[in-house]
Protein chains: 2
Amino acid sequence: MVQYSETRLDASFAALSDATRRGVLEQLGRGDASITQLAGQFRMTLTGMKKHIGLLERAALVTTEKAGRVRTCRLGVRALEEEAAWIGRHRELWNARFDALDKIVEQLKSKEKADARRTKR
Amino acid sequence: MVQYSETRLDASFAALSDATRRGVLEQLGRGDASITQLAGQFRMTLTGMKKHIGLLERAALVTTEKAGRVRTCRLGVRALEEEAAWIGRHRELWNARFDALDKIVEQLKSKEKADARRTKR
DNA sequence: GCTATACTGAACCATTAGGTTCAGTACGTA
DNA sequence: TACGTACTGAACCTAATGGTTCAGTATAGC
């Protein structure tokens, strides 16, 4: 059975909970970028953007590399694998449960109709 | 095109970023539960659990209903649909990008080999 | 009606998030 | 070597988290 690292999931879902950071991920999906570029694009100070990048990095959703003065940010290689897995696993379980509930509701409904017919007579 | 509510995603990813709340969701997947039951199971005060439930409710991941003294919690009906959609959409985009990068790397590699052969002569 | 149960709300505490400013440090280039 | 660019780090601010305790309020059951 797959073992999910709780803290890793904590960090990455937290990272995804901010619109700016989701935007950054979207942007990095279109190509690597420096911190200055990202800061400019999201109208934010360098320092502010660096904090966001720090969180994304901690969650292993992006990696960075410094060449000269410039730190280049790119998507993490296994970005969103575990997160998708967690959500997928639970959706399956829950959908199964919702289906079961639907069936019960259906049964109740048809039973109701039957009862109604019986009382009419 | 589907319009994603930014704040809804904010709330639900934030809700998922805590191991206790993920546990609660898992538990509710197995059946409805009262706040007292959940608090007992996760070794927490009623008040503490109620806060978690509040966050999950705000994210529309669970719904609650009070009957008499007891508030019963159950999974939200469309739980995790949007979240899965967001992650899914981005994984597709990113995988496409990673594939493209792979190709480029491949091309560089074969070019390198060709160059090596050429210099040997 | 009394009592125990189940929740609710306010107040508090420590930590973190999401920003800022300001003062460096390090690197590229003229 | 001097200057501008790109980042880094510390310090600060406000708001939110993740908990707690304590003091209600409402309801089920004897």
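Per chain, numbering begins at 1; letters A, B, ... match sequence-line order.
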Close residues, residues 65-72 of chain B, relative to DNA chain C [heavy-atom separation under 4.0 Å]: B:Lys66, B:Arg69, B:Val70, B:Arg71
Lys/Arg-Asp/Glu bridge criterion (N-O < 4.0 Å) met for B:Glu83, B:Arg8: yes
Sequence neighbours excluded, every pair satisfying side-chain hydrogen bond (donor to acceptor under 3.5 Å, both in side chains) that has a member inside residues 38-51 of chain A: A:Gln27-A:Gln41
Rounded distance [0.5 Å steps], OG in B:Ser12 versus CD1 in A:Ile87: 8.0 Å
Interface with DNA chain D, restricted to residues 47-59 of chain A and to heavy atoms under 4.0 Å: A:Thr47, A:Lys50
Interatomic spacing from CD1 in A:Ile35 to OG1 in A:Thr72 - rounded to 0.5 Å: 9.0 Å
Length of the line joining B:Gln37:CD and C:dT5:C1', which is rounded to integer Å: 13 Å
Pairwise 5' ranking along DNA chain C for B:Leu46 and A:Leu46, keeping only the more 5' one: B:Leu46
Nearest-0.5 Å distance that lies between atom CG in A:Leu9 and atom CZ in B:Arg22: 4.5 Å
Whole-Å gap separating C1' (D:dG19) and CZ (B:Arg43): 17 Å
Parallel, tilted or perpendicular: ring planes of B:Phe13 versus A:Phe13, cut at 30 and 60 degrees: parallel
Sugar-phosphate only, base, or nothing, as touched by B:Ile35 at under 4.0 Å among non-hydrogen atoms: sugar-phosphate
Any donor-acceptor N or O pair under 3.5 Å, side chains B:Thr64, B:Glu57: yes
Nearest-0.5 Å distance, NE2 of residue A:His52 to CZ of residue A:Phe42: 9.5 Å
Atom pair distance, as rounded to whole Å: CG in B:Asp18 and P in C:dA17: 13 Å
